[in-house]
Amino acid sequence: MSSSQGFELRPTTTPTDAGQRDEILSNPGFGRYFTDHMAHVRWTHAEGWNAGEVRPYGPLSLDPAASVLHYAQEIFEGVKAYRHADGSVWTFRPEKNAARFQASARRLALPELDAETFIGSLKALVSQDVDWVPTPASEAEESSLYLRPFMIASEKFLGVRPSKEVDYYVIASPAAAYFKGGVKPVSIWLSSNYNRAAPGGTGFAKCGGNYAASLAAQKEAETHGCDQVAFLDAVESKWVEELGGMNLFFVFKDGRIVTPALTGTILEGVTRDSVLQLAADAGLKPEERGISIEEWREGVHSGEITEVFACGTAAVITPIGELVSDNDRLSCSDGSGGEVGKSIRKQLLDIQYGRVEDRHGWLTRLA
Ligand code: COI
């Protein structure tokens, strides 16, 4: 049996045929198709982490009493693999995802996976399924292989306590732009009925429960014709936090670029952190601080705020066109989105796709 990065390779006997794979890669959408394999590592309280494997992609066999199904003891990550012009495949700041995965694990009382195994699992899976990494047809096309590491509590037990059996997997999905129609300004519904996170809660962790709790608000957004929902803080309903799955940035006409500070209720986005760095590189003045909904509204009205954008691994940088609430519609950009967001987006993608020098040492080769 061969192995890669310490992961035993158990290749599928029924790989997707090349014609079908190419058809999928020509229009993958987001999160609809999956590659032929997945990585897996099992943990038990008695043995700790076992050796990993890369095995055929397929349904999991879970006991109906597995605690993840009842108490949502689960965490995940989002990482992308990018094909460069010379055919090599790279990922972006995976050590940040590994560290966040550990922080999420601590909050959800799951075992921590070391960064070497986390990054090794990405390398082992992507090397096996390397033909599934799309080759972008042009600089305008942002296709990649989206990697989804996740960890679930799999012990058959209905008592409420940390699971003594846990499984870690990585699945991979060829991806185009997250929003249908590519990069165009999205409309945001300001939720007044729901909060995403409270102090002491799980807001900073990347756990499925946070996303489940955002769905009713997301449905409300859709009934108001909006693409996404923005949440305010749970204590004062005053401070802007984030969208259902993306961080927010506000560009001011005097060169400041502001994002809500990490107070424990906001996800520590890898793209967020990279935007702060790239903005500083470009001579802008990044600020991490509280930004209130009044400041957002007044800043747009007065022209002080010239752009608002959302960012995340899946969404990259997406301009916010309009903020909609019960009694207000606030136009935040013209139809083309803003120049600052566009320029940072281009710098980020140029680094990720190897089109410019990786001056911060952000890339790790996967295959
Ligand atoms: C990501 O950006 O990778 C996420 O996990 C967010 C999700 C909404 C797709």
Side-chain angles (χ1 to χ4, degrees), residues 66-79 96-113 118 148-155 157-163 166 168 188-221 228-250 258-273 276 288-296 310-315 325:
S67 44
V68 63
L69 301 176
H70 304 272
Y71 309 126
Q73 199 190 1
E74 185 268 358
I75 57 172
F76 69 97
E77 274 301 320
V79 185
K96 297 277 287 177
N97 295 91
R100 187 172 64 186
F101 201 52
Q102 290 174 342
S104 301
R106 286 193 291 276
R107 181 62 185 84
L108 273 287
L110 283 161
E112 288 179 47
L113 185 72
F118 180 90
R148 172 53 64 86
F150 64 100
M151 195 191 286
I152 56 171
S154 46
E155 185 184 354
F157 181 59
L158 290 184
V160 183
R161 60 142 171 80
S163 179
V166 165
Y168 164 74
I188 302 296
W189 170 248
L190 180 68
S191 180
S192 53
N193 290 326
Y194 302 103
N195 293 108
R196 178 185 169 276
T202 57
F204 70 89
K206 205 160 172 67
C207 61
N210 288 344
Y211 294 76
S214 76
L215 296 178
Q218 176 66 26
K219 267 175 70 181
E220 201 181 72
Q228 280 281 315
V229 57
F231 291 99
L232 297 178
D233 77 287
V235 178
E236 296 179 79
S237 284
K238 168 176 179 179
W239 304 101
V240 178
E241 296 216 312
E242 61 177 272
L243 305 187
M246 283 157 245
N247 295 120
L248 279 168
F249 275 88
F250 299 84
V258 178
T259 192
L262 301 173
T263 51
T265 51
I266 290 178
L267 191 81
E268 193 172 340
V270 178
T271 311
R272 173 189 180 281
D273 188 73
L276 286 169
E288 295 176 79
R289 62 167 170 86
I291 178 155
S292 67
I293 186 65
E294 296 84 46
E295 186 178 358
W296 182 347
C311 70
T313 299
S325 57

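From a predicted model like this one, the values you see are computed outputs, not experimental measurements. Side chains included, hydrogens not; waters and symmetry mates left out as well; all remaining heavy atoms used.
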Applying side-chain hydrogen bond (donor to acceptor under 3.5 Å, both in side chains), can you list everything that pairs with [X], at least two apart in sequence or on another chain?
X	result
E241	T265
Q102	none
S325	R297
D273	R93

How far does [atom1] of [X] sit from [atom2] of [Y], to the nearest 0.5 angstrom?
X	Y	atom1	atom2	value
E288	I291	CD	CD1	13.0 Å
T263	R289	OG1	CZ	14.0 Å
E74	S104	CD	OG	9.5 Å

Greater than 12 external heavy atoms within 6.0 Å of E268's CD: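 At most 12 heavy atoms, drawn from other residues, nucleotides or ligands, come within 6.0 Å of this atom.
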Give a yes or no on whether the backbone of [Y] and the side-chain of [X] come within a donor-acceptor separation of less than 3.5 Å.
X	Y	result
Q218	G244	no
Q73	A109	yes
N210	A205	yes
N247	E242	no
R196	A234	no
R272	L267	no
E112	A105	no

Quick one: closest heavy-atom pair of [X] and [Y], and the distance?
X	Y	value
P260	I266	CB-CD1, 3.5 Å
T271	T313	OG1-N, 3.4 Å
W189	A217	CD1-O, 4.2 Å

Are any of the side-chain heavy atoms of [X] and [Y] separated by less than 4.5 Å?
X	Y	answer
V160	Y71	yes
S191	E220	yes
I152	V166	no
C311	F249	yes
L232	L190	yes
F157	S163	no
E77	R148	no
S214	F231	yes

Parallel, tilted or perpendicular: rings of F101 and F118 (30°, 60°):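 Tilted: the ring planes of F118 and F101 meet at 30° to 60°.
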All side chain to side chain contact (heavy atoms under 4.5 Å, CB included) counterparts of K238, not counting sequence neighbours: D233, E236, S292, E294
ring-ring contact (aromatic ring centres under 6.0 Å, His included) partners for F76, two or more places apart: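 Applying ring-ring contact (aromatic ring centres under 6.0 Å, His included) to F76 gives Y211.
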Step-by-step side chain to side chain contact (heavy atoms under 4.5 Å, CB included) determination, L248 to L243: CA-CA 7 Å; L248 279 168; L243 305 187; 4.0 Å; yes
